[in-house]
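By convention in this document, chain letters (A, B, ...) are assigned in the order of the sequence lines, proteins followed by strands, and residues within each chain are numbered from 1. Both backbone and side-chain heavy atoms feed into the values below; hydrogens, waters and symmetry mates do not.
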Protein chains: 2
Amino acid sequence: MAAKPKPTRVPTRDRILAQAARHFAERGFNATSLREVARDAQANPASVHYYFGSKEELYLEVISGFRERLSKERNDALLGINPKLRGARRIKAIVHAYIAPHLRLCADPTAAHYIRIVARATSETHYPREIQIPKEINTLREAFVRALAETLPTASQERLHKAFTFTVDLMLLAPVDTVYAALAGKPAWPDDPEKLIDEVAEFCTAGIMAMCG
Amino acid sequence: MAAKPKPTRVPTRDRILAQAARHFAERGFNATSLREVARDAQANPASVHYYFGSKEELYLEVISGFRERLSKERNDALLGINPKLRGARRIKAIVHAYIAPHLRLCADPTAAHYIRIVARATSETHYPREIQIPKEINTLREAFVRALAETLPTASQERLHKAFTFTVDLMLLAPVDTVYAALAGKPAWPDDPEKLIDEVAEFCTAGIMAMCG
DNA sequence: TGTACATCAGTGAACGCGCGTTCACTGATGTAC
DNA sequence: TGTACATCAGTGAACGCGCGTTCACTGATGTAC
């Protein structure tokens, strides 16, 4: 009755990537130790550099896949909005198109770390230049603000920008806020992403209408 | 025309405290180096321990004053709400009572660091136990949720908790979000706290009414 | 006024430790002839 | 089938550096008699 030898071992590169995501999510870039990552991934510290070259490149590797996936999903959702929708319903559809791809990642244990990493990065001012939020994200946000502007033609650009930024801020912080859990006696991690998406969309649609309607 | 010697030198303890606030705000607890703090404060690394004992105690010293001040201001503002107010006006007054003391700190350069520190701490899971968000803050939040419940008696406790948490999340992230600045070509730090307070209060009041009305 | 002692506000050097990164290396597997 | 070579997937030890903290110390100021 000896223990079975593991039949297929997860490749070292993937083990490092998974542990790195966890550490960056929990501690941030600067406070993450590659040696600890390697230890938790049962790998040699040198193999982190063998596969990824540097700490920065490892960080980029962790988030780049999700970034591209989210940008694509958001763009598709924006283009797929029913053109007949008007007013609050249309605003809610636009908000949903932006926040749903992000918040749905809560249900994916591999992706959950990404959510924490991005929430952290928003208020972070001391990351290395190379790994800050890229221009591409802003381009996408501009497209969403334009969509809001078409639906609410009387609102100023400034108000639209601000209302949309508030929406994004809430999308970022709502799933990672650990204080709500303590206050409400709920599990710290959202158990039902679709419910959270609905709640945030409802809250922000009303907020946007109030600020820009 | 020789440079005047400084007549009254800022005490070393205060110089350390000011630089520590800046570093904790910009880098977080783990990534802050006491040696760098000491260097920027033109002090000896040993004097940080001479005055504060340890890194954790220094962190607590940085935030404890603001914490107490905010709790008091919020409580006073809640008790001072005009009892005749009803409906959306009352909700807005409750929201204002909670967020205004926090967001007004934007105008105080010394306190601005505190805003960043707290925004960071909300999504942080790996601070030392001793320096996490204390119970006292949750007690205050309970009082605000009760005030909301009295104004919106048909809403469930869960919805009220969630809507209020969304409000707090936005209060935390709105002033520190650096992405909005890039998107709108605005200065990164809010120049007019009262305007930001009004906008956040308007957005969140509508959101709370939509979720709980 | 003089002198002894106590307190305050630091200082300089060192402690052991973990960090990101480099580099020469090794043993297993694949390919060419 | 045998053998030489190339590639792959790491490894072990070391690099210099900065970290939080400790500790014995110093020089200035205040107090008591």
Side-chain angles (χ1 to χ4, degrees), chain A residues 5-63 117 120-121 124 126-132, chain B residues 5-63 117 120-121 124 126-132:
Chain A
K6 284 168 198 164
T8 51
R9 188 158 162 74
V10 179
T12 301
R13 200 191 120 99
D14 295 347
R15 278 170 11 240
I16 292 170
L17 211 47
Q19 291 302 321
R22 192 167 68 80
H23 279 255
F24 285 136
E26 291 176 354
R27 290 151 219 257
F29 180 81
N30 289 313
T32 287
S33 149
L34 292 192
R35 283 169 184 272
E36 265 188 61
V37 169
R39 215 170 294 137
D40 291 354
Q42 284 160 261
N44 189 293
S47 61
V48 177
H49 288 79
Y50 172 73
Y51 283 113
F52 300 99
S54 74
K55 192 178 180 181
E56 281 179 27
E57 286 169 277
L58 172 59
Y59 183 88
L60 285 175
E61 188 69 26
V62 165
I63 59 174
I117 291 170
R120 196 183 286 282
E124 188 73 60
H126 275 256
Y127 278 7
R129 235 166 257 273
E130 294 77 9
I131 61 174
Q132 280 179 0
Chain B
K6 284 168 198 166
T8 51
R9 189 159 160 72
V10 178
T12 301
R13 201 192 118 99
D14 295 348
R15 281 175 2 246
I16 292 170
L17 211 48
Q19 291 302 322
R22 192 167 68 79
H23 280 255
F24 285 136
E26 291 177 352
R27 291 153 219 257
F29 181 81
N30 290 313
T32 287
S33 149
L34 292 191
R35 283 169 186 271
E36 265 187 62
V37 169
R39 216 171 293 138
D40 290 353
Q42 284 161 260
N44 189 292
S47 61
V48 177
H49 287 81
Y50 172 73
Y51 283 114
F52 300 100
S54 73
K55 192 178 180 182
E56 282 179 27
E57 285 170 277
L58 172 59
Y59 183 88
L60 285 175
E61 188 69 27
V62 165
I63 59 174
I117 290 170
R120 195 184 288 281
E124 188 74 61
H126 275 255
Y127 279 8
R129 234 166 256 273
E130 294 77 10
I131 62 176
Q132 281 180 358

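- Side-chain proximity of Tyr51(A) to dT21(C), dT21(D), dG10(D): nearest is dG10(D).
- Straight-line distance from the CZ atom of Arg27(B) to the C1' atom of dG18(D): 14 Å, rounded to whole Å.
- Take Asp14(B) and apply the salt bridge (charged side-chain N to carboxylate O under 4.0 Å, His left out) test, not counting sequence neighbours, and it matches no residue.
- Ring geometry, Phe24(A) versus Phe29(A): the interplanar angle falls under 30°, so the pair is classed parallel (tilted spans 30 to 60°).
- Regarding Tyr50(B), its OH atom lies at a distance of 16 Å from the P atom of dT22(D), rounded to whole Å.
- You'll find the side chain of Leu34(A) reaches within 4.5 Å of the side chain of His49(A), heavy atoms only.
- The side chain of Leu34(A) has dT21(C) as its nearest neighbour among dT21(C), dG10(D), dC19(D).
- In this structure, the side chain of Thr32(B) does not engage the main chain of Arg27(B) through any donor-acceptor pair within 3.5 Å.
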Check the interface with nucleotides 13-15 of chain D: list each N/O to N/O pair with the protein under 3.5 Å, or write none.
unit_1: dA14(D); atom_1: N6; unit_2: Arg35(A); atom_2: NH2; d: 3.3

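- Taking a pair as Watson-Crick or G-U with both hydrogen-bonding distances under 3.5 Å, the stems of three or more pairs touching DNA chain C are C:2-33 with D:2-33.
- Atom pair Phe52(B):CZ and dA9(C):C1' shows a separation of 13 Å (rounding to whole Å applied).
- Atom NE2 of His49(A) and atom C1' of dG20(C) are 5 Å apart (whole Å).
- Of the candidate nucleotides dT11(D), dA9(C), dC19(C), dT11(D) has the atom lying nearest to any side-chain atom of Ser47(A).
- Residue Arg39(A) places at least one side-chain N or O closer than 4.0 Å to OP1 or OP2 of dC19(C).
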